[in-house]
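Structure first, then comments.
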Protein chains: 2
Amino acid sequence: MTADRVSARTDPDPEAAREAVADGTAREAVVTVFGRCEVEYDGRASSYLGPGDRLVVLKPDGTLLVHTEEQRTPVNWQPPGSEHEATVEDDSLVVTGVRESPDERIVVRFADVHQVSTLAMADERDLELVGTEADLKQHLLDDPDRIEEGFRPLATERETPAGAVDIYGEDADGDPVVVELKRRRVGPDAVGQLDRYVTALDRDLHADATVRGILVAPSVTDRAAALLDEHGLSFVSVDPAADLDAPRAE
Amino acid sequence: MTADRVSARTDPDPEAAREAVADGTAREAVVTVFGRCEVEYDGRASSYLGPGDRLVVLKPDGTLLVHTEEQRTPVNWQPPGSEHEATVEDDSLVVTGVRESPDERIVVRFADVHQVSTLAMADERDLELVGTEADLKQHLLDDPDRIEEGFRPLATERETPAGAVDIYGEDADGDPVVVELKRRRVGPDAVGQLDRYVTALDRDLHADATVRGILVAPSVTDRAAALLDEHGLSFVSVDPAADLDAPRAE
DNA sequence: CGATGGATATCGCAC
DNA sequence: GTGCGATGTCCATCG
C-alpha cells in the first residue's frame, strides 16, 4: 500500500547507499541516512565533527540536517536552497550540500551506513499557531483599555526613522503614545527598542507634544525595569495566557 | 553486523508501531516515525497542524521533532527534557511529549504509519567550530592595533551595571574604551547594546574621564550608522574571514 | 537583494 | 532556577 512511498535499506554497501540517496533526491523524496560519519562545514564559519553515529536528513527543498542523539538543534546543517549530491569516494558514501549566497558547503563522509530510507511526502497543511505577538496585538486593539484607561490606537506598524512601532496611539489627554509589545518577559533589549522609537518619533513630531512610551509584556527583568525608569518609559503587564484560554473578547 | 543497531518496520499496524516506539525509547535509541499525522501543541503558544506526511524524530534526551518536506526548522517540536510516550487510541498510534517548566505538551496522532525505525547511536565527539565571536575576540586581543592604533586591552567580559563588556581597555590617550564585537553586519540592536555599556560605565567612573565606545564588526546598516553618530560612538570594520583563512597573526 | 524584528526561538554560561 | 547575550541562528515581511 505505502510500499511505493517508503523504501528502506539496512546496511547497504556504499554504492547501493549512493544509489538510494540519488534516487530519493531525484524523486523529490525526503531521504534519511543513519550511519557513522564525519562532517566538515565551511561557510559563514568552519567546523569539523569527528566520527560518530548520526541521522542525516535531506529534504527536496535543499535542507540538510545532521542530528546527533541530543539537542533540538542539528549539530550541522545546510538551509533550504542547497544542492545535494551523493558520491562514493574511497569506498565511502559522501553526501555534499552546497549553496551560494552565502557560499557554504557541508560534506558528510560515512565510514558506515546503517540505514538509508527514502520517504515520499505529501503535505499541504499549514500550521495554525495561536499565542504569537500578532495575536496579542489583536487582542489589545480589541480592548485598548488593557493598555491604559482611555488609550486610543491610531495605527499599527507606524513607520518612524528608527523602525516600525507596534502600536501607535493617543492617551486620554490626546498625547502621542508608542507601545512596544512582547509576548514574554523582556530584558534590556526591548527597552532599547522602545526608547529608539520614542526618541525618533519625538524628533519627528518636534515640540508638538512629548511622546510617551509604554512597554507591554508579561513582566520585565530588574535591569530592564531600571532602564525603563531611566528613560522615563512605562510598563504595563499583560498575561498572554489569558488570551490563549479565552480568545473571545467578551 | 549493525542489525542490532537498527530496526526498521514498514507499514506496521498501530500496536506494532507503538511497541517499536516504546522499545526504542526504553533502549535510549533515536526513534523515527514516518507517517500521516495530525499534531497538536499547547504550551508557550498553541498550534494545530492538520493531516499530512511528516517525519517525527524522538531522541533519548527528550527532544521531539516533527519535520515536513520543507524548511530547516521543524514545524512542531519539544525541546530536550520532555517525556515521550507511545499509545494506541482508536486504532491509531499516538506519540506524546510532555515537559514541565514551562508546562508544554505535544500530541502526534498518526492516521497511518509508513515506517518506524529505531537507531542506536554512539557519539562522543564534540563539534569543533571556528569563526565565532569568541575567536574574533582572541584575534583582536592578539593584535589590538586592529581596533585602534595604541589601544590597550585591560579586561574582557568586564562587568558593568548594564552587563558584561566584550573588551574593555584604554586608548592612546589613556581614556577608557568599551569595545562591542559582532562577527557579522550589525543593525540598531548592537548600537543600543554598546550605548548601554558606555552609559553605565560613564556613570560608574563618574567624571574621571569620558568613556568612548567602539563597535567592531564587518559592517553596519544605515540605521545603525545613524544611531552610532547620534550617540557619539565609533565603528571599526574587521573582516572575520581574514582570521578564518589565516589564523596565524602574521 | 538587504533591512528589520519575531520566535513555542535554542543554547551556554554566570550568578 | 533566572538573566543575559551569541547563534553558521532561521524566518517572514517589506522596501
Side-chain angles (χ1 to χ4, degrees), chain A residues 41-47 63 70-81 99 101-106 127 129-137 157 159-160 162-166 180-190 192-193 196-197 219-224 240 244, chain B residues 39 41-47 63-64 66 70-82 97 99 101-106 127 129-137 157 159 162-166 180-190 193 196-197 219-224 240-241 244:
Chain A
Y41 156 74
D42 195 46
R44 288 165 290 176
S46 292
S47 72
T63 300
E70 289 182 326
Q71 301 278 55
R72 201 211 75 137
T73 305
V75 63
N76 275 121
W77 70 91
Q78 201 71 286
R99 72 163 175 161
S101 183
D103 193 15
E104 294 194 296
R105 161 179 297 259
I106 190 169
L127 184 72
L129 182 63
V130 174
T132 61
E133 186 183 297
D135 292 322
L136 176 58
K137 176 162 65 176
E157 306 302 321
E159 282 299 334
T160 76
V165 167
D166 283 340
E180 174 63 27
L181 291 180
K182 294 295 170 191
R183 64 179 301 282
R184 49 176 211 169
R185 182 173 174 84
V186 299
D189 52 338
Q193 212 180 326
R196 292 203 304 275
Y197 298 149
S219 56
V220 296
T221 66
D222 288 352
R223 211 111 91 181
L244 248 183
Chain B
V39 184
Y41 156 73
D42 195 46
R44 288 165 291 176
S46 293
S47 72
T63 300
L64 188 156
V66 181
E70 289 183 326
Q71 301 276 57
R72 202 209 73 139
T73 305
V75 64
N76 275 120
W77 70 90
Q78 200 75 283
S82 307
R99 71 163 176 160
S101 182
D103 193 14
E104 295 194 296
R105 163 179 296 260
I106 191 168
L127 184 72
L129 183 63
V130 173
T132 62
E133 185 184 298
D135 293 321
L136 176 58
K137 175 161 66 176
E157 304 304 320
E159 282 299 334
V165 167
D166 283 341
E180 174 63 27
L181 292 181
K182 295 294 173 193
R183 66 178 300 282
R184 52 176 207 170
R185 182 172 173 86
V186 299
D189 52 339
Q193 209 180 326
R196 292 203 304 275
Y197 298 150
S219 57
V220 295
T221 66
D222 289 351
R223 211 110 91 178
L244 247 183

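Proteins get letters first, then strands, A, B, ... in listed order; numbering begins at 1 in each. A quick note: this is a predicted structure, and the numbers were derived from the prediction, not measured.
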All N/O contacts under 3.5 Å from nucleotides 12-15 of chain D to the protein, with atom names and distances to one decimal?
residue : atom : partner : partner atom : Å
D:dA12  : OP1  : B:Q71   : NE2          : 3.3

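- Put simply, CG on A:D135 is 15 Å from P on C:dG6, counting in whole angstrom units.
- Residues A:A45 and B:L129 come closest through the heavy atom pair CB-CD1, 4.0 Å.
- Atom C1' of D:dT7 sits at a distance of 16 Å from the matching atom of C:dG5, rounded to the whole Å.
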Assess the residue pair A:K137 and A:E157 against the criterion (salt bridge (charged side-chain N to carboxylate O under 4.0 Å, His left out)); give the C-alpha distance rounded to whole Å, side-chain angles, the decisive distance to 0.1 Å, and a yes or no.
CA-CA 11 Å; A:K137 176 162 65 176; A:E157 306 302 321; 2.7 Å; yes

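- To the nearest whole angstrom, the two C1' atoms, one in D:dG5 and one in C:dA7, are 16 Å apart.
- A salt bridge is defined here as a Lys NZ or Arg NE, NH1 or NH2 lying under 4.0 Å from an Asp or Glu carboxylate O, and B:E180 with B:R196 fails to meet this definition.
- Atom CG of residue A:L136 and atom CG of residue A:L181 lie 5.0 Å apart, to the nearest 0.5 angstrom.
- In this structure, A:P80 reaches the sugar-phosphate backbone alone: every heavy-atom distance under 4.0 Å involves primed, P, OP1 or OP2 atoms, never a base.
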Please write out the pairs of protein N or O atoms and N or O atoms of nucleotides 7-9 of chain C separated by less than 3.5 Å, giving the distance to one decimal.
residue : atom : partner : partner atom : Å
C:dA7   : OP1  : A:E133  : N            : 2.9
C:dT8   : N1   : B:Y41   : OH           : 3.4
C:dT8   : O2   : B:Y41   : OH           : 3.3
C:dT8   : O2   : B:R44   : NH2          : 2.5
C:dT8   : O2   : B:E104  : OE2          : 3.4
C:dT8   : N3   : B:W77   : O            : 3.4
C:dT8   : O4   : B:N76   : ND2          : 2.8
C:dT8   : O4   : B:W77   : N            : 3.1
C:dA9   : OP1  : A:R184  : NH1          : 3.1
C:dA9   : OP2  : A:R183  : NH1          : 2.4

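- Looking at heavy-atom distances under 4.0 Å, A:E70 makes no contact with the nucleic acid at all.
- Annotation: C:dT4 and C:dT8 have their P atoms spaced 23 Å apart (nearest Å).
- Within the 4.0 Å cut-off from OP1 or OP2 of C:dT4, not a single side-chain nitrogen or oxygen of A:Q193 is found.
- The shortest side-chain heavy-atom distance between B:R99 and B:P79 falls under the 4.5 Å cut-off.
- When heavy atoms are screened at a 4.0 angstrom cut-off, A:R196 is found touching the sugar-phosphate backbone but no base atom.
- Between A:V165 and A:T160, some side-chain heavy-atom pair lies under the 4.5 Å cut-off.
- In this structure, CZ on A:R44 lies 8.0 Å from CZ on B:R183, to the nearest 0.5 angstrom.
- Separating the NZ atom of A:K182 from the C1' atom of C:dG5 is a distance of 7 Å, rounded to the nearest angstrom.
- Nearer the 5' end of DNA chain D, as judged by each residue's closest nucleotide, is the contact made by B:S101, out of B:S101 and B:L181.
- Projected onto DNA chain C by closest heavy-atom contact, A:D166 and B:D222 fall at different nucleotides, the more 5' of which corresponds to B:D222.
- Nucleic acid contact class of A:A190 (heavy atoms, under 4.0 Å, all strands): none.
- Look at B:T73 and you won't find any side-chain N or O under 4.0 angstrom from OP1 or OP2 of D:dC10.
- Under 4.0 angstrom from either OP1 or OP2 of D:dC4 there lies no side-chain N or O belonging to B:Y197.
- For C:dT4, the OP1/OP2 oxygens have a side-chain nitrogen or oxygen of B:R223 closer than 4.0 Å.
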Step-by-step side chain to side chain donor-acceptor pair (under 3.5 Å) determination, A:R185 to A:S219
CA-CA 5 Å; A:R185 182 173 174 84; A:S219 56; 3.0 Å; yes

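- Look at the C1' atom in both D:dG8 and C:dA14: the space between them is 25 Å, to the nearest Å.
- Atom CG of A:D166 sits about 7.0 Å away from atom CD of A:Q193, to the nearest 0.5 Å.
- Using a 4.0 Å heavy-atom distance criterion, A:A162 is classed as a sugar-phosphate-only contact.
- Taking OG from A:S46 and CD from A:E104, the interatomic distance works out to 9.5 Å, rounded to the nearest 0.5 Å.
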